[in-house]
Amino acid sequence: MKKHVRYAGGFVVLAVLMAVMLYWNVNTGSVHLSLKRIAQLLRFGNDGSLEGNILWKIRLSRMLGTVVLGGGLSIAGFLLQTFFKNPIAGPFVLGISSGSRLFVGFFMLATAPIAMGNFSPYAIFIAAFAGALLSMALVLAVSSRVQNLAMLLVIGMMIGYICDAGTNFMITFAESNQLRNFTIWSMGSFSGITWPTLAATAVITLPTVAVVFFLSKPLEAYLLGENYAKSMGVNIRNFRLALIILSSVLAACVVAFAGPISFVGIAVPHITRLLFKTSRPMVLIPATFLTGGVFCLLCDLIARTAFAPVELSISTVTSVLGAPVVIWLMIKRRKGA
């Protein structure tokens with residue numbers, strides 16, 4: 001009974017934080033929108049006024065995209081931590097985000113003279129997904145030979161550095177007119193999320209998160225050990241493959257539509273565990289998604305307003321807020337060793 005009360009209380013807290021962050025984000029900027037005016041515009045749609053255009057063409061799509069992508073990236077981190085049984089595993093640390101960045105960079109720079117910057121969001125996602133799978137395959141190939149946690153993290157970072165080197169090599173020989181879109185994207189930002197981009201993001205991310213939620217029971221069995229999971233009828237090989245594909249889809253979607261974002265995939269799952277004090281996937285999956293949305297809304301708000309009118313890259317803020325969590329985890333694990 002106490003657990004259910006704690007879970008309910010945790011979701012209430014997240015719901016309140018989500019509402020506060022949404023209102024704070026939609027009402028922060030050069031144009032002030034009252035709650036009454038926001039409700040009116042949401043009910044009747046864009047009336048062509050300055051407030052209506054700002055809400056419907058700029059702020060609303062950006063906020064919703066931030067929630068979806070932040071939640072998706074957090075779930076990707078949760079899956080990777082479950083897969084590797086490693087609290088520091090995440091798309092950015094293991095080089096998966098860098099692999100996606102490499103392939104998206106190649107796609108953007110190679111097709112820029114043809115596409116003139118009008119890239120299909122689904123084409124960018126496919127490039128990012130291919131890069132994520134390749135990086136994941138390299139990490140898995142090494143992880144089967146390396147049992148040491150620190151070595152696995154170092155190898156993942158080395159793979160990330162190799163991918164970053166490949167990206168920088170392409171940038172060096174690219175023409176200046178090819179670099180504009182890529183440079184803006186590679187800095188990491190939710191500012192480029194439009195309604196078409198949001199639609200593509202939702203179509204990819206939300207069904208994937210739903211599939212992850214339906215795998216809650218196999219995930220719970222897997223957390224108790226592979227032998228226990230086998231005894232419960234879980235096909236370990238297929239299940240591990242599913243975790244790889246699902247985490248790669250979510251990480252690639254974020255990189256494709258918002259650029260590389262660091263530390264969210266590591267920090268948010270642990271923040272969620274501390275809030276709910278449980279390891280049950282059925283609770284943690286929706287809670288992690290909501291926490292990721294709230295966390296990224298906060299980071300995006302700071303990125304937009306800290307040095308306005310200059311906007312920081314989103315990774316700058318997520319690193320400042322997320323890195324201390326990772327340092328704390330490393331220290332805690334060291335003491336427990």
Side-chain angles (χ1 to χ4, degrees), residues 69 73 76-77 80 88-143 145-146 150-192 197 244 247-266 303 311-319 322-323:
L69 291 177
L73 184 57
L80 290 172
I88 316 297
F92 194 82
V93 172
L94 293 175
I96 297 171
S97 295
S98 296
S100 294
R101 180 174 180 262
L102 173 64
F103 274 58
V104 172
F106 178 79
F107 173 79
M108 284 186 171
L109 298 177
T111 61
I114 301 173
M116 296 298 290
N118 297 317
F119 304 106
S120 166
Y122 294 102
I124 297 176
F125 165 73
I126 291 172
F129 181 57
L133 280 182
L134 179 60
S135 298
M136 189 71 166
L138 291 173
V139 172
L140 288 174
V142 174
S143 66
R145 299 173 179 270
V146 176
M151 283 299 297
L152 178 61
L153 295 177
V154 170
I155 290 168
M157 287 188 287
M158 293 305 104
I159 292 173
Y161 285 133
I162 292 171
C163 293
D164 288 339
T167 305
N168 294 332
F169 179 82
M170 290 188 297
I171 291 174
T172 302
F173 293 96
E175 297 180 5
S176 57
N177 62 340
Q178 294 177 304
L179 293 176
R180 181 178 178 275
N181 289 320
F182 179 73
T183 302
I184 295 173
W185 167 85
S186 63
M187 291 177 65
S189 175
F190 295 114
S191 61
T197 306
I244 294 170
S247 59
S248 297
V249 167
L250 293 171
C253 187
V254 175
V255 174
F257 301 133
I261 300 177
S262 58
F263 290 104
V264 174
I266 303 176
E311 181 173 329
L312 298 173
S313 72
I314 191 65
S315 282
T316 301
V317 183
T318 57
S319 297

Legend entry - Value rounded to 0.5 Å, distance of CD1 in Ile124 from SG in Cys253: 11.0 Å
Inset, instruction - Kindly compute the distance separating CD1 (Ile261) from OG1 (Thr318), expressed to the nearest 0.5 Å. - result: 6.5 Å
Inset, instruction - Tell me, please, which residues at least two apart from Ile244 pass side chain to side chain contact (heavy atoms under 4.5 Å, CB included). - result: Phe83, Leu133, Met136, Leu140, Ser248
Legend entry - Which atom of Phe257 lies closest to which atom of Thr197, heavy atoms considered: CD2-CG2, 3.8 Å
Legend entry - Minimal non-hydrogen separation, Ser191 against Glu311, with atom names: CB-OE2, 4.0 Å
Inset, instruction - Return the set of residues passing side-chain hydrogen bond (donor to acceptor under 3.5 Å, both in side chains) with Ser135 (not counting sequence neighbours), or none when no residue passes. - result: none
Legend entry - Close side-chain approach of Ile96 and Leu80, heavy atoms under 4.5 Å: yes
Legend entry - CG-CG distance between Leu250 and Leu69, expressed to the nearest 0.5 angstrom: 10.0 Å
Legend entry - Side-chain donor or acceptor of Ser315 paired with backbone N/O of Pro260 under 3.5 Å: yes
Inset, instruction - Please round to the nearest 0.5 Å and tell me the distance separating atom CG of Asn168 and atom SG of Cys163. - result: 11.0 Å
Legend entry - Set of side chain to side chain contact (heavy atoms under 4.5 Å, CB included) partners for Thr167, sequence neighbours left out: Arg101, Leu102, Ile171, Phe182
Inset, instruction - State which residues pass side chain to side chain contact (heavy atoms under 4.5 Å, CB included) with Ser97; sequence neighbours excluded, sorted by chain then number. - result: Pro91, Phe92, Val255
Inset, instruction - Could you tell me whether the side chain of Ile126 reaches within less than 4.5 Å of the side chain of Phe103, counting heavy atoms only? - result: no
Inset, instruction - With sequence neighbours left out, write down each residue that passes side chain to side chain contact (heavy atoms under 4.5 Å, CB included) with Ala123, or none if nothing qualifies. - result: Phe107, Ser120
Legend entry - Distance in Å, Met157 CE paired with Ser98 OG, rounded so as to fall on 0.5 Å steps: 11.5 Å
Inset, instruction - Please name all residues satisfying ring-ring contact (aromatic ring centres under 6.0 Å, His included) with Tyr122, sequence neighbours left out, ordered by chain then number. - result: none
Inset, instruction - State the OG-CG distance between Ser247 and Leu94, to the nearest 0.5 angstrom. - result: 9.5 Å
